[in-house]
Every structure is written in C-alpha cells, then in structure tokens.
Q: 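Dumping the structure here so I can ask a few things about it.
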Amino acid sequence: MPSFPHPEAASSSAVTNGIEPSELRRIAERDVGQADWGLWGSYLSDRQWGTVREDYSADGDAWTSFPHDHARSRVYRWGEDGLLGITDRHCRLCFSLALWNGVDPILKERPYGLGNPEGNHGEDIKDYYYHLANTPTHSFLRGLYKYPQHAFPYRQLVDENRRRSREEPEFELVDTGIFAENRYFDVFIEVAKASAEDLLIRVRAINRGPDAAPLTLLPTLWLRNTWSWGYPDEREHPMHLEGQVVATEELPQLGAYRLHCHQDGDWWFTDNETNSQRLWDQVNATQYQKDGFHRRLIDGEQGAINPAQRGTKAARVLQRLLAAGEEWVVELRLRSSSLSGDPFGEDFKRLFQEREQEWRDYFAHVVPGLDADARLVHDSAAAGLLWNKKYYGWSVLRWLEGDPTMPQPPPQRWRTDNAYWKRLHCHDVISMPDSWEYPYFCQWDLMFHAVAFAMIDPATAKHQCMLLRSPHYTAPNAQTPAYEWALSDPNPPIGAWAAMRIYQIDRKQTGHADLPFLRAALRKQILEYGWWANRNDRRGDNVFEGGFLGLDNIAVFDRRFPLADGSHIEQCDGTAWMASLSLNLLQMAVELSRQEEEYADLCERFVVDYVQLAIALNAPTITFGRNFLNWDEQDGFYYDVIKRPDGSHDYLRTRSLTGLIPLLAVASFDVDTVLRLPMLDVRNTLAWFFHERTNPTWVSNNLGIWHNDRVLFALVPKERLQRICERLFDEEEFLSPYGIRSLSKVHGGHPYTYTEGSQSQTLAYSPGDSPVAMFGGNSNWRGPVWMPLNFLLIESLQKFAHFYGDSLKVEFPTRSGHWINLWDASLELEKRLVALFRRGADSRRPFLGDVELFQNDPHWRDLLQFHEYFHGDNGSGVGASHQTGWTAMVCKLLSQLSQYS
C-alpha cells in the first residue's frame, strides 16, 4: 500500500545551499547568551488604552474609563503604545513615529480604532498599517502606515458605526472615500541592527497623491513612566541634548542611549506625565505633559514644550511639502552611549541592504522552494507573527491594592474573579493574538502562536509555550490564566499538543531532540491536567462541562452559565478536549520513556483516562448510569446535551465545530512501541477494567483497533468517522471554498430555535460578522472559517490517514463521486485555506473582499493582513485584521504543501 506520512514527518526541514544564513547565526548567539539580539524589538504595543490593566474604575468598564481621547494626554500605568514602534524587552525606552498632515485634529501617535461600545461589531481598528518584514532577532523589520492627506474622519467613523445594526457590515475608513485619487502618504518604518545595542532607523514617506501635500514627521523617543507611582526603586531619568543628539541617563536594565537624526530640524522636549487639567480640570502635577507635542504643533501653544530641552519625551520636528510622487527619506540611529563613530557613514545604506537580504535568505532557508506569491504570503505571515510579540506588564496585586501616590482603587475589584489571581505578575514579551484588537495574552491563542513560531524560531516557540505555566502566572490550584478580561475562564487545554508539536518540529528541523524541554513541559502539563479533572468533571462521570472553551458564541445558549431553570449543558467538546489532552500527554510520556523507563508508569495513567473518556462520550449508559450520550445515531453527529434537574435530557441539534472536536483526539503507535510499553495494547492490559465497567462487545469493536502493525487510540470509531466526514466535506454544510466552516450552512435555510423554560434562543448560519452581542460581539463562531481549528482538523485527518491508509476513503466533496484517502483530503483542505491569501485565476485575493482599491491598486493589492476569521462563503477577512497570531499557521500549511502537493 502507499506510504502515508505521519504529520510529524510533514514538518518542514530547513534545506540549505551549504551557506548558513546570518540570521541563523544571530539566533544561535542569542540562544546561548553570546549576544543579546533580543534586547530590542517591535515590542511596543499598538494599543494600551481600553485595557483591563489600565482600568481603575469602579464599574470595570475599561473602554470608557480609559478611552482613545485620553491616550494622548494620560500616562499609562503598565505599558506604552505607538505606531509601528520599537522598545526594549523591559519597555524602558520607546521609539515611534508621530505624524501630522496639517489638517488632522489630533497628532497621529498611535493607530486609531473604535472601542467596543462604539462599533456595531465591537472594537475595531480603523487605520491601515501593515507588517511587511521581521526576523526572529528583529535584525531587520519593516512596517507601512497609510496616512490620509485629508482630515482623519474620527467623528464620522464613530457616528456611522453606532448608527449601524449588527446585521450590517462595519463602516471602515476606506468607505469614507478618504483614499480617493490616492491622496495619502505611504509611510515606511524600517529598522536594521548593526549590533544588539545599535539600531539604524529609516523612515520613507511617499506622496501617492496627484498634488503636493505637507507632512510633518516627529520621530519620538520617550521613557515609560515608572517613577510616578511612589516606589523607592524607581526615579525619573530625564533626557537632554548633547549637541544635536538626544541622550538618556543610565537606565536600569538598559544603560544609556543616544538618538541621532541625519535631517535638520528642531528637537522638542516634554514629559511623559498626565495632563490632568485637560482631562479632569485639575491642577497639573508637572509643568510639561505627555500631549505637549500635540498642543505645540496643532494648537500653537508655545509653553507646551520645555525650552530647556530636557524631559522624558523628545522628538525631532521635520516638516516638508512633498510633490506628487516624491519620496522623503529620514535617517536616525539609536545606539548605546558606549558606541562611537559616524552614525551616518558609508555603512548606513549598506547595512540596510545586507539586513534586508539576510531576512530574505533566512526564510528561503526555513521554507525553500515557494513560488513568488506563496513566498509573499509566507513571509508576510511570519512578519506579522514577529511584529505581534509585544511587551506586557501587569502586577495584579499592585493593581488591586493601588500605588502609594495614587488614589485607592475601588474596593469592588476585590470581589471580581480576577482578584483570585493576586500572584499574577507579568513583565514579559508575549506573542499577542492581534497587535491592536487583542493587545494581551490569550491562553489557547498563545499555544497556536507557539507552534507557528516552531518553524521560524524554536527557542521563542518553547518560551511562549511555557510562559503562562511559570509560577508567576499560574494560580495556586495550577490553573493557567485565560486573558485579562476574565483570567479564570477555562480555555481548551491544548498546551500539551503545542509542546509535543514544537518538540517534533524542532527535532525535524535541527536533528536534535530537546528532551529537557519535553520533560519540563510534561511536568507543568500534569499539574494543569489535575486542575482540569477536578474543576470540570464535577459529577465524576467523565463528561466535562468546560464552559467558555474559546468558542465564544458558537452555542444557542451561553455555555458559561446554567440555564434559568437549573439545566446544565453537557458539552461534547469539553469531553473531547480532555480526551485529546490525555492522548497528547500519553504521546509525551511515550517519547520520554524511550530514554527514561520511569515514564512508563505515566503512560498507563493516560491510557486509562483516555479509555474512560472514550466510553463516556460514546457509550455512557454501559458504565456510568447516564441515560444519554452525545452521539446522535439518527443524525450521525455529536451534539451538546441539555440535562434538566429532573433527570430528563435533550439534544441541542446544532451542527457546529463542537461536534467535530471529538475528531481531534487521535493517536496511533507502532508495534515496536507497544512491545516496549504493553499497556498500549488496551484490550489485553485493561481487560480487568473492561470486565468491571463496560460491555465487552462495544470495547472490542471500537477500542484498541490494530491495522498494519499499528494500534489506534481515537475518540471517534471508524464508522462514526465516516459519517462525520459526509457532513465535514459537504459544501452545503461545513466545507467552504476556503476551509471548514464553524457552523453548518444548513442552519442558514433552517435556523435552530430552542426553548427551555422561560429562555428561548435562535441560532442561524452567519458567515461574516457576529449577529449577537455575546462575548463583546466582535468574534463569530456561527459560520466563518477559523484557521486554528482547521489546522487541528487537518492534523487529525492526517493521523487517521497514517493509520487507515487507503483502507478508508471519503467522498470529497460529498456527492461528487470523487473518492480519496484522508491524507489527500487534508491536503485539499490546506489548499483551500491557503487560497484565502493567494492571488487566484481572477487576479483577486479572497481575503480582501470586494474593495476594489485593495484588489487592484498596485500600492495595495500585495499588502496582506491575516484576519481573526474569514467569511464562510466568500473568504473575505473578518474580525481583528492583524491576527497574525494563530492565522500565521498558514506558514505551516504552505510548508507542507510545498513538499507533498
């Protein structure tokens, strides 16, 4: 029979032409501590306002307590933000670019978007900026901001989106007509590192419009305010001028730095302090404030900046009238004060050229052989993933107690769920889901990010995978924090999957098995495994409620809460996630047992747990005395079940991803592994267990199946797998032209309504934006295509294919008469997902939707964004537009397709 690769074997291996890329050398120097190439990076957040950590209100409304209007005038407590900026890993010293077109009412210092209450689909970025290039050591990076020449329509964007209903699309900046006749500037921000503490910065502004237009650039350097909160170990470190160079004092954890600018202009100084007079009509504590540059430039307020040219915020003021098509280049250099030499000598241009070429060489080394369009998609996704690594600071204890010099926080916050997380202390660079809409860690998102990193930066992948399971993040009960809006929300337990995949991909790429990493990951995962078992299997029947589980509005009822009549929802995906966790932990233990026999005992534990979960989901009446199961034989699908206080039950017949998640719990082992670990032969080693608890006939037909000298561990038996695949590959149900939908299209023509007691809800197929306000209303799991779950489904299909080979074929698409094995089906899904971003035969990229400017204009058509999710019918990008966290998984798909298609 044909050979079907194991998913691990499909991992990319770095093919080289014999010359080691320079970026690979820098990564090695960073990883062994030889050179601190990771000290500086694109770690400056795109948004700090409107976050929970900056919210000190009594009602916990983060969006209104710190709105965008406050951002230019009010000091942040826990971080900083800016437009395509850079900072050090401690966020001590920040650099970003501010702009003014001569007519805007606000100095453009940060990307603009609507807060959650302002948008008809929740928070939404309204500016257009792009992550074009980045490397693991941030040795070269490039970003692009599209800056309109007309006054930015802040009020129009707010008013129109508030006017629109949830059934209408979002009103975007391009819809205002502000880019007509190309009346905007392309502003490129580029950084190239000469060394770990020497950063060359280049700004290129191009007038794309037909007429001359004025532009003011303010390259800005400032210090995060760590001194105003009353702690004796922090003090103010004002910057000053040394000739025409801005110089800092010796900064903690960083040292002293100097900023040089090659262009003539004035240096302005102010302080990173709050303008209390503007915000609350109170007396200012300092003479100069954070918004000093805005007031001096736009309002003409001479006293807004410090004439002594000293302060914690400094900017070079550069002004020019750009002719149509003219390009303006500004060169700067930020470097340690210990370095000397001409900052803008002959090497400046050459080094930019070298670093850009090294960026290209590195990614061609990681994933070779891509055509030009696939290369654009891959490298853009990798750039976004790297740009989305941001500094995140937050001490929950200090947030609860307040700071010595600040007003006491409201006592209500001590009664919130987040108060349980008093020992959560964050001071790290973390991979964010989206650099503007979700500028904070999200637990299960981060695991996908980590796997995406495994191909391009294994050390970062391992660090990100383990970070939230370190002692200063986890709770005393071993729970891992979810995200700052609700730290206690349970997310799908995919940490073990992520750790195992990172280990496998790293081993494939480097030829080295990092067993210390795998051992450490297993120890931490076992602690969390205990929390899951004790927290979410409340009745001890191996059916896990789970609650939120990351899928927001996917259910007809909000699964976080019991219904009004006391009924509970028995979630098929909760139990499936636990079975998947058991199998991933089993795989980790099996791998470690090859070198250390003591891990064999753990293998037996996870085998037993998997068997119990498989029985609970598929045949519970045999063992646990429950009178229902999640599998519905009539429909051939797994459903959530509503269980009432009187013991009666009913199916919630919504065909969604929740019924597909049981497919994710699958693994198989070869005969040599079973001979070494006999407990993997479950029919023999667990005969006592089956005799006491189950119907032996069901067990013998569905558990511990052997085929071609492999034993299968799968939550879904073969016959049920085939029935599910009929719906999975049906274009009238789950299969879209661009991947697997989150909700069957059948619910478009047939919405599902369910009434329980006094509660009645309807769920309908909604392929685009969310039609309901559940979970803030900015995410939608009722029809769109989501990259992360598609990725997991693809891997599971490949695992089934590795076991069944050609003995199991499916019709793809359903009713087409075209029968293929599951490996080929998985590749077909990959092609559909990749097609979201690639230019098709019609010269259009589906994710760009129907905006002709984006599809056809040469200055827009090859600019890629990686959205949170995608329209279930036409593939247009929806939700957060810079979600190059988990959507960067497309890099892995491109790599695999380049090898096997």
Q: Verify whether the ring centers belonging to Tyr651 and Phe637 lie closer than 6.0 Å.
A: no
Q: Going by the salt bridge (charged side-chain N to carboxylate O under 4.0 Å, His left out) test, name the single residue among Glu437, Glu118, Glu172 that passes it with Lys126.
A: Glu172
Q: With Tyr869, which of Tyr738, Trp786, Phe847, Trp781 fulfils ring pair (Phe, Tyr, Trp, His ring centres under 6.0 Å)?
A: Trp786
Q: I'd like to check Leu446 versus Gln464 (side-chain heavy atoms, cut-off strictly below 4.5 Å). Are they in contact?
A: yes
Q: Taking only residues two or more places apart in sequence, or in another chain, which ones meet Trp421 in a ring-ring contact (aromatic ring centres under 6.0 Å, His included)?
A: none
Q: Hey, are the side chains of Tyr473 and Cys426 touching, using non-hydrogen atoms and a 4.5 Å cut-off?
A: yes
Q: Are Trp485 and Tyr438 an aromatic pair, judged by ring center distance below 6.0 Å?
A: no
Q: Taking the six-membered ring for Trp and the full ring for Phe, Tyr or His, determine whether the centres of Phe441 and Tyr392 are under 6.0 Å apart.
A: yes
Q: Please step through side chain to side chain contact (heavy atoms under 4.5 Å, CB included) for the pair Arg653 and Tyr752, ending with a clear verdict.
A: CA-CA 8 Å; Arg653 296 180 184 274; Tyr752 181 78; 3.8 Å; yes
Q: Mind checking the CE-OG1 spacing from Met787 to Thr884? Nearest 0.5 Å is all I need.
A: 10.5 Å
Q: Work out which heavy atom in Val810 is nearest to a heavy atom in Ala825; give both atom names and the distance.
A: CG2-CB, 4.3 Å
Q: Check whether the side chains of Thr416 and Asn418 place a donor and an acceptor atom closer than 3.5 Å, and report yes or no.
A: no
Q: For Val746 and Arg655, work out which heavy atoms get closest and say how close.
A: CG1-NH2, 3.5 Å
Q: Would the distance check show the side chain of His747 and the main-chain N or O of Ser766 forming a donor-acceptor pair, the cut-off being under 3.5 Å?
A: no
Q: Within the structure provided, determine whether Arg741 and Tyr765 are in side-chain contact (heavy-atom separation under 4.5 Å).
A: yes
Q: Can a salt bridge be assigned to the pair Lys892 and Glu830 using a cut-off of 4.0 Å between side-chain N and carboxylate O?
A: no
Q: Looking only at heavy atoms, what is the nearest atom pair of Arg47 and Gly50, with distance?
A: NH1-O, 3.4 Å
Q: Compute whether any side-chain donor of one residue and acceptor of the other, for Gln443 and Thr480, lie under 3.5 angstrom apart.
A: no
Q: A side-chain contact here means heavy atoms from C-beta on lying under 4.5 Å apart; do Tyr638 and Val716 qualify?
A: yes
Q: So for atom CG, which belongs to Asp417, do other residues, nucleotides or ligands contribute more than 12 heavy atoms lying within a distance under 6.0 Å?
A: no
Q: Kindly state each residue pair satisfying salt bridge (charged side-chain N to carboxylate O under 4.0 Å, His left out) with at least one member in residues 474-484, sequence neighbours excluded.
A: Arg53-Glu484
Q: Please report the closest heavy-atom contact between Leu827 and Gln798, naming both atoms and the distance.
A: CD2-NE2, 4.5 Å
Q: Side chain of Asn491, backbone of Ala482: donor and acceptor closer than 3.5 Å?
A: no
Q: Under a plain distance cut-off of 3.5 Å, with no hydrogens placed, do Asn702 and Arg720 share a side-chain donor-acceptor pair?
A: no
Q: Starting at CD1 of Ile724, measure out to CZ of Phe729 and round the result to the nearest 0.5 Å.
A: 11.0 Å
Q: Looking at Arg166 and Asn120, would you say the former's side chain and the latter's main chain have a donor-acceptor pair under 3.5 Å?
A: yes
Q: So, does Gln479 use its side chain to make a donor-acceptor pair with the main chain of Ser488 at under 3.5 Å?
A: yes
Q: Given side chains that start at C-beta, do those of Val878 and Pro784 come closer than 4.5 Å, heavy atoms only?
A: no
Q: Can you tell me how far the CG atom of Leu703 sits from the CG atom of Leu715, to the nearest 0.5 Å?
A: 9.5 Å
Q: Answer yes or no: is there a side-chain heavy-atom contact under 4.5 Å between Ile661 and Pro492?
A: no
Q: What's the spacing between Thr887 OG1 and Phe448 CZ if we round to 0.5 Å?
A: 10.5 Å
Q: Can we say Glu828 and Lys831 salt-bridge, meaning some charged N sits less than 4.0 Å from an Asp/Glu carboxylate O?
A: yes
Q: Which distance, rounded to the nearest 0.5 Å, do you find between the CH2 of Trp577 and the SG of Cys572?
A: 11.5 Å
Q: Return the minimal non-hydrogen interatomic distance between Ile502 and Cys465, and the atom names on each side.
A: CD1-CB, 3.7 Å
Q: What verdict does the side chain to side chain contact (heavy atoms under 4.5 Å, CB included) test give for Glu795 and Arg501, after you've listed the backbone C-alpha separation in whole Å, the side-chain angles of each residue and the deciding distance to 0.1 Å?
A: CA-CA 11 Å; Glu795 283 204 339; Arg501 291 302 287 127; 2.8 Å; yes
Q: With sequence neighbours excluded, what pairs up with Ser816 under the side chain to side chain donor-acceptor pair (under 3.5 Å) test?
A: none
Q: Atom CD1 of Ile494 and atom CG of Asn584: how far apart are they, to the nearest 0.5 Å?
A: 9.5 Å
Q: Can any side-chain N or O of His121 pair as donor or acceptor with the backbone N or O of Gly879 at less than 3.5 Å?
A: no
Q: Is it the case that atom CG in Asp646 sees more than 12 heavy atoms from other parts of the structure closer than 6.0 Å?
A: yes
Q: With side chains defined as the heavy atoms from C-beta onward, is the minimum distance between Leu586 and Val607 less than 4.5 Å?
A: yes
Q: Please answer whether the main-chain N or O of Trp63 pairs with a side-chain N or O of Asn116 as donor and acceptor at a distance below 3.5 Å.
A: no
Q: When you measure from the side chain of Glu731 to the backbone of Leu735, do you find a donor-acceptor pair of N or O atoms at a distance under 3.5 Å?
A: no
Q: Determine whether Leu721 and Leu822 satisfy the following criterion, side chain to side chain contact (heavy atoms under 4.5 Å, CB included), listing intermediate values before the conclusion.
A: CA-CA 11 Å; Leu721 170 63; Leu822 290 175; 4.2 Å; yes
Q: Check the pair Leu743 / Leu763 against side chain to side chain contact (heavy atoms under 4.5 Å, CB included), numbers first and verdict last.
A: CA-CA 10 Å; Leu743 183 73; Leu763 181 146; 3.2 Å; yes
Q: Please give me the minimum heavy-atom distance between Asp434 and Ser881, naming the atom from each residue.
A: OD2-N, 3.7 Å
Q: Is the side chain of Gln612 donor-acceptor paired with the backbone N or O of Asp609 at a distance under 3.5 Å, no angle test?
A: no
Q: Are the side chain of Tyr754 and the backbone of Leu652 linked by a donor-acceptor contact shorter than 3.5 Å?
A: no
Q: Can you find a pair of side-chain heavy atoms, one from Asp730 and one from Arg815, that are under 4.5 Å apart?
A: yes
Q: Would you find a donor on one side and an acceptor on the other, under 3.5 Å apart, between the side chain of Ser567 and the backbone of Leu563?
A: no
